[in-house]
Amino acid sequence: MTRDATVADTGWQDASPGHERKSAPVSERVGFEEFVASRSEALLRTAYLLTHDHGRAEDLLQTSLAKAWSAWHRIDENPEPYVRRILVNTYASWWRRKWRGESPTEALPEPIGSSRDEQVVDAAWLWAALGRLPVGQRAVVVLRFYEDLSEAEVARVLGCSAGTVKSQSAKALAKLRIDPQLLAGRKPGDTS
Amino acid sequence: MSGLDVLREVLTEHAEGLPQRPLDARLSDVRGKVRVRNRARTGVVGVLGALAVAALVTVAPGSGIPPGGPADVPSAPASGLSGAPVPIVADSGIDMYATPGTATLIGHRFARAGQQQPSFSFTATSGDLAWTLYCAGPPGEPSAANPYLVAVTVNGHPLGSSSCAGGNPSVLGADGVFAGPYAKRVTAWHGLGVERGQPVHVSVQLREPGRGPAVDPAVTIGAAFYAVSDNEVVEQGIVLPRIEEYEGVNYRLLATRVQPVSQGRRLQVPVPAADTQLLVSWGYAGSPGAYTFERDGHGVSGFSGASRAGGSAALLTRTGGTSTVGVSADRSAASSTRLFLAFYAPVN
């Protein structure tokens, strides 16, 4: 990228009030755009596993990238762990922060299509059960079992101790094992 | 195959194959959010482009309801163009809206995150509360707080925490809410020991991720709490507040339209004839999918795929050329999903 446009030209502005920087160096902007180009697909996948909603996942990713941009010039090393941390923390804060202009709604039950293939039924119920996990436990499950992060790495992302990660992970797995709808889904006709 | 293998497989299966926005579109959306954050922090209101959660659309004078359009959207009352501003209360140099929407400010405190961190009490004048958290570095260096989290407890129960890197709006409002209808929200607060007419004790704490409580006198933290009245309309299960605060102005619900996807994947409504600014909320309740806010039949850049149940807002003014607004769902939306549009007129 050889353009020498200013931030005002491209729309990139520093989000921090009172910040002296009026425009970002081109190299910084290129670095950010390269990061978005190379890593946003992976980050979107994580966001989707957290939110279970493609639209919310895209919004979560964009919000996290916008937050990261304001601190981009201060990131010296691989920015991905930093952005991932913003993403998870932003998601964790969404359960209590109203999206601007949002009107809360009653959640509708999402019927899961029946299938003769028991494994498919199991997978569908397991996905639904994952969506019923508390926010923190869902984040631990995604980071541990999809991202394959170690307990220490998850702890760094979530800003808690490795012991907390361990206990949250155990609680989440226990919840999934005894999820009543999951159990019922595995045993069609068993309504207990 | 072990249970953990199945879990990994389910996670991987759902994570793969997600439709991706083109890079340019995604960067454009992120730029829009950066601009929104910048404006929110500097308090500049009114210059809106293609934003992720709010857009300025304009209404042609006398556009009214086009032939064949639904006739159940009333005209807006002839009030002032933009409504009266919501009163603002200041504490320690931090501004808060006093009565945003149906909420009333009932308790707040802000202080440096020293050894004694802020705590305060107030009487819950409603069974439903809303709140906002604040965390910032010193003037001229607000990002000094970025490494921290601000956490709050209510009656000794954790309510939540937020990254200080997220910044603060120029005026705090009643942004933190439990989702759902009033009765459900009251039940949630009951679980935290909050009862109407009873005292509520709030503690705010600065925390360092991975290390626990932190002390940094350069950082100011705090919280504000609001009493929220039962003042909402439920249309086919969709909860809409009768009064909604938007950028410092309260808007009163004027008209709503709800349409199940089974009756069409596009809900399009003429903008009510109005001699005033209108607020429009849009959204859906139901299955995940891609939902697009439209004006004059065209998707608004930055909205597509960025919705969630409940929708977002746009501001309408009387000058310009928009005559209809709409919301559409792609084919992935279940037929039971409902699309909605709600118009609000400013309160004077």
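Throughout, a chain's letter reflects where its sequence line sits, starting with A, and its residues are numbered from 1.
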At a heavy-atom separation under 4.5 Å, does A/S40 approach chain B through its side chain, its backbone, both, or neither? both
Find the distance between CZ (A/R144) and CG (B/L11) and round it off to the nearest 0.5 Å. 12.5 Å
Partner residues of B/Y134 under the ring pair (Phe, Tyr, Trp, His ring centres under 6.0 Å) criterion, sequence neighbours left out: B/F110
Set of side-chain contact (heavy atoms from CB on, under 4.5 Å) partners for B/R207, sequence neighbours left out: B/L149, B/A151, B/Q205, B/P213
Salt bridge or not between A/E58 and B/R26? Use side-chain N to carboxylate O under 4.0 Å. yes
Measure A/V141 against the heavy atoms of chain B and call it side chain, backbone, both or neither at under 4.5 Å. both
Classify the ring geometry of B/F225 against B/W131: parallel below 30°, tilted from 30° to 60°, perpendicular beyond 60°. parallel
Any idea which of B/E232, B/E13, B/E16 has the most non-hydrogen atom pairs under 4.5 angstrom with chain A? B/E16
Please flag which part of A/L173 lies under 4.5 Å from any non-hydrogen atom of chain B: side chain, backbone, both or neither. side chain
Is it the backbone or the side chain of A/L49 that comes under 4.5 Å from a heavy atom of chain B, or both, or neither? side chain
